[in-house]
Structures are given as structure tokens and as C-alpha cells.
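Everything numeric in this text was worked out from a predicted model, so none of it was measured. In what follows, chains carry the letters A, B, and so on, assigned in the order in which the sequence lines appear, proteins first and then strands, with residues in each chain numbered from 1. All values below were derived from every heavy atom in this structure, side-chain atoms included, with hydrogens, water molecules and symmetry-related copies excluded.
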Number of protein chains: 2
Amino acid sequence: MKIEPASSGPARPADLSAQIAAAIRDAIMEGRLIVDERLPSEAELAEHFAVSRPTVREALKRLAAQSLIRTQRGATGGAFVNRLSFEEAYAQQITTSTLLLSMNAVSFATACEARYALERACAPLSAARRGADHLAAMRREINRQGEPALTDEAFCASDVAFHRALVDGAGNPVLSYQLAGAVEAMQPLMNMITFSARSRTRIIALHTDIANAIAAQDQRAACDGLTALEDETQALARSVFATRSPRA
Amino acid sequence: MKIEPASSGPARPADLSAQIAAAIRDAIMEGRLIVDERLPSEAELAEHFAVSRPTVREALKRLAAQSLIRTQRGATGGAFVNRLSFEEAYAQQITTSTLLLSMNAVSFATACEARYALERACAPLSAARRGADHLAAMRREINRQGEPALTDEAFCASDVAFHRALVDGAGNPVLSYQLAGAVEAMQPLMNMITFSARSRTRIIALHTDIANAIAAQDQRAACDGLTALEDETQALARSVFATRSPRA
DNA sequence: AGAACTTTAATTGTAAGACAAATGAAAATT
DNA sequence: AATTTTCATTTGTCTTACAATTAAAGTTCT
């Protein structure tokens, strides 16, 4: 075990628990602590860093919040370096992205542009590699979006599911992970929109175009479909926001 | 203030501090706690949730680790809902992405493909909008990459800086944030590569092509340049890994 | 009255000790 | 040999206490 105190700038001494967490985090990121390796017990860490156990525990909880470690009780328990799974990474990515958008007055246009730019990056790969399951998921969501009784919120959720299937079709987990934030974080913004029956019809038509392009492995058409959908979404948002708040 | 215990599935009762952290996190994400709002004091939270103060503190440290709150000591101190800045979001994104790649046996090819796909999504926007500062940064890094005394690690760092300038040129902070993880997390993988003088020359030439395309606002050429660079990088990585570990 | 200083109260940061709960391993028993 | 019991280890939680910090209220001096 090699965990040394962070020897960085003395600037302003942060909390002890933050310092200890940083030291252990560095050890993990630099490979000095490997996956599934057991950290010393809380008592040992407390002695090593010359702090009390509650302080060590606060540090460990910080790391647990980032899924860097997991803890287990019992005789052979302890804190273990956690293999960060794609699932956990998704969740964190989505939390961070959602809050970033909701707290920073990011315009709908900016977020929307980013999302569709990223999706267009996936489209060619997805068109080339999509499996039957991804196509089926896309078709299923399109059907669902046609149900008239669907609330706006459920329509948005289905929209997200459609786009996630599109992204996952690229068969690149890193890409799926990166896009998860961009797609999911848009949902709260999309939920501010009221989808009229007419706009739903247009969106469903565009979704169908995109799904068909993916099915036909037509990369160009898939990208063009996404561009058309982006334009439609942006126009819809503009009209909704203009109607709702004519004070801006 | 409205913070109610998470009423989710009873599955397996997690730690109290995790439950409390989740309850407060939900309150923040659902807007029941707004930016800069002060949370109740630790003592009040302890009473509200019927737990001890150390347990509350562990919960708060979890939230602090995600930059959801910040704390301040003193008479008017306390825990405040933190406005998640792009800086903080970058940092978390990079930490998560880096660990995800290093811990999950993601192949260089997969990570590289994702990175360049995402960068190609930025290229058209960057070509359209890049400012003089972004172009200058790109040229500066290209010059730096030509210095013969540069270590491989410094060459990689400059490469990252070049690509970040390219991404930032798109003028979309959301896009920059999303790409930060993809670009930076590749650096440890790139550092495993030895860059011969010949390969450096080729990379610099491709960087120059890309910078020129961006300068000329030629979207197509910028994308093609990135594709060429991706091919070059992938080929380089293949040759390096094949030479180094012929056991796989 | 006003400015500088002091006190005070509130709040987070840290420490120490204790007990509960979980858990696997060792020991005892059948 | 198999099963049960005991036990030691470790995390989870509580209690109490004190230190450090900070802004506001109060006090004193000019």
C-alpha cells in the first residue's frame, strides 16, 4: 500500500477529509492502488494519516460518492478499490450533465446543438453496425410515440429511449457513455415543451426517416435526418418559448 | 426547505448517510433546493432525519464530493447548494472518464474511435465559428510539437491542448464539456505510445492540415483531416502494441 | 457620533470512545 | 466429517466534547 499525503501547493489547507480523499484518489488514478485491492482499515488509515476515524470515514464517503471505492462490513470487510462500471459512469455523467444545464442558464439552443452534433457523430457508426435489437427498440419507441394518450413527459421519455437506442447502435460503449449525458440531460429541458399533435406527427415522421436510414445503413441519410430533427426541435422550442414568455 | 426521505424501493437498506445524501440530492435535482440556498445546519439535519451529526456529515461530504454543495464555517456559515460550474464539471468528467477507460480494458481502438467521432461532430461548428485565439492556440501547439527535444509525454500533452482548442473553437460550452472527457481520458492511453520522429512529422502535418481547414472555414476538409489523423493514430497504436506485446 | 476593538453566538471541523451489526474464520461439538 | 458455536475483525452509528472560524452585536475610546 502506498498512499502519501498530497504534496501539492500549500495555498489554502482544505479539510483534512478532502486532503485524505485526494491522496487516496491520486493513488487510485496513478495505479498505485489497483482494482479490488483492499485499503487499510479505517483505524489503520486514521493512524497513517494521524487523524481520527470519523475524519477518515468522511474521506472514504467522498470516494464512495464517486464510486471509486465500495465498502463491506464484517471480518474480511473493508474498503476496496471499485472497478468503475459503465453503469455507474452513466449515472454520474447524467447527474453532472443535468445539473450543469439546469444551473447555468444554458440556452435550449446551445444544449440542443451540442446534443445533435454528438448524435450525428454516432449516426454513421450506428448505420454501419446497428443490430436487430437496436432497430427493434427504435421502432418500438416510434410506435409508442404515436399513442395519442401519451403525456408530454412520457413522449419525452420515449424520445430519449429512441435516441439512446440510436447511440447504442454504434456498438461503442465509450461513445454510449459520453452521449448518455448529452441525451439524458436534455430531458428536463424538453419537458418544458408542450408537444402538439401536429408537432408530434412531424417528429415521429423524422424518427421514422432516421430509423429507416439506419436500417438501410445509409449514413448520409441518417445524418441528414438528425439535422432535420434538430431544425424541427429548435423551431418548436423557439415558438414555445416565444409564446410563453414574450417578455424576453 | 423540503427534504423528505427517499421513498424508493425497500430492496436493501443502504447506509443512512447514503440515504440522506440521496434525499438531499433529489431535492436539489428536482429544484426543491435552489442554487445558493442554505441547507439547515448539521444539527438541524441530524434532528430532521433522526440520526447523529457524524452521519449527517458523511452525507454532506458525499454531496461535496460531487460539487453539489459547498460548506462554510462561521456564524453565517453552513452548507449551500453549489452552482455547478463548467470547471468543476470538466474535472469530474475527466476523472470519471479516465478511470472508466483504465479500469475496463477498453481497447485503444474503441476509445480512439469514440474520440475522433466526437471531434468530427465539433469540426463543422469550429470551422464556422473559431476565433483568432483558437487558431493561435492550435498553431502554437503545432509549433511546440515540432521541438525535437520534446518528450513523448509532453508531445501528448500538446496534442491534447491542440484538440481542446479545436473543440473550444465550436463556441459551445456544452460541447466542450462533453468532449473534455473524451479527449483528456485518452492521454494516459496515448502516453503508452512511443512517438518516433517520423510519426511525429506525420502527425504534425495532419494537425497543420486540420488547422488550415479550420482557418479556411472548410468544414469538409476539417472532418477529412480528423479522419486521416484517426487512421494514422490507429495504425501507429497497432504497430506499437504489436511490437511490444506479441503474446496477445 | 463615529471608529476601533471586544465579546459572543452560531456553525463547521476534528477528536475520542463506545456500542451495534455484519461476517467470515476458527474452534468446539456432535 | 459435518455441523454448530464462538470469536475476532471491521464497518456503521451514536454521544459528547472541544477547536477553529466567522459575522454580528456590544463596548469603549476618541
For atom CD1 of B:I20 and atom P of D:dG12, their distance in whole Å:
14 Å
Once you round it to whole Å, what is the distance between C1' of D:dC14 and CD of B:E47?
15 Å
Please check if any side-chain donor atom of A:D168 sits under 3.5 Å from a side-chain acceptor atom of A:S176, or the reverse.
yes
Return the set of residues passing side-chain contact (heavy atoms from CB on, under 4.5 Å) with A:L125 (not counting sequence neighbours), or none when no residue passes.
A:R129, A:A170, A:L175, B:E113, B:A117
Interatomic distance where CG belongs to A:L39 and C1' belongs to D:dT10 [whole Å]:
13 Å
When rounded to whole Å, the CG to P distance for the pair A:L45 and D:dG12 reads 13 Å
Could I get the full list of ring pair (Phe, Tyr, Trp, His ring centres under 6.0 Å) partners for B:Y90, not counting sequence neighbours?
none
In chain order, what residues pass the side chain to side chain donor-acceptor pair (under 3.5 Å) check against A:E30, with sequence neighbours excluded?
A:R32
Proximal nucleotide (of D:dT10, C:dA9, C:dT11) relative to the A:R38 side chain
D:dT10
Would you give me the side-chain donor-acceptor pairs under 3.5 Å for residues 181-190 of chain A, sequence neighbours excluded?
from	atom 1	to	atom 2	distance (Å)
A:E184	OE2	A:R164	NH1	2.8

Distance in angstrom units between B:F49 CZ and D:dT13 P, rounded:
14 Å
Residues two or more places apart in sequence or in another chain: which of them pass salt bridge (Lys or Arg N to Asp or Glu O under 4.0 Å) with A:R115?
A:E119, A:D159
Can you run through DNA chain C from 5' to 3' and write each base as (, ), [, ], | or . depending on how it pairs? Watson-Crick or G-U wobble, both distances under 3.5 Å.
||||||||||||||||||||||||||||||
To the nearest angstrom, the CZ-C1' distance between A:F80 and C:dG24 comes to 12 Å
Results of salt bridge (Lys or Arg N to Asp or Glu O under 4.0 Å) for A:R25 - residues two or more places apart only:
none
Any N/O pairs under 3.5 Å between the protein and nucleotides 13-15 of chain C? List them or say none.
from	atom 1	to	atom 2	distance (Å)
C:dG13	OP1	A:D15	OD2	3.1
C:dG13	OP1	B:T71	OG1	3.1
C:dG13	OP2	B:R57	NH1	2.9
C:dG13	OP2	B:R57	NH2	3.4
C:dG13	OP2	B:K61	NZ	3.0
C:dG13	O4'	B:R73	NH1	2.8
C:dG13	O6	B:R53	NH2	2.7
C:dT14	OP1	A:L16	N	2.8
C:dT14	O4	B:R53	NH2	3.3
C:dA15	OP2	A:S52	N	2.9
C:dA15	OP2	A:S52	OG	3.2
C:dA15	OP2	A:T55	OG1	2.9

Results of ring pair (Phe, Tyr, Trp, His ring centres under 6.0 Å) for A:F162 - residues two or more places apart only:
A:H207
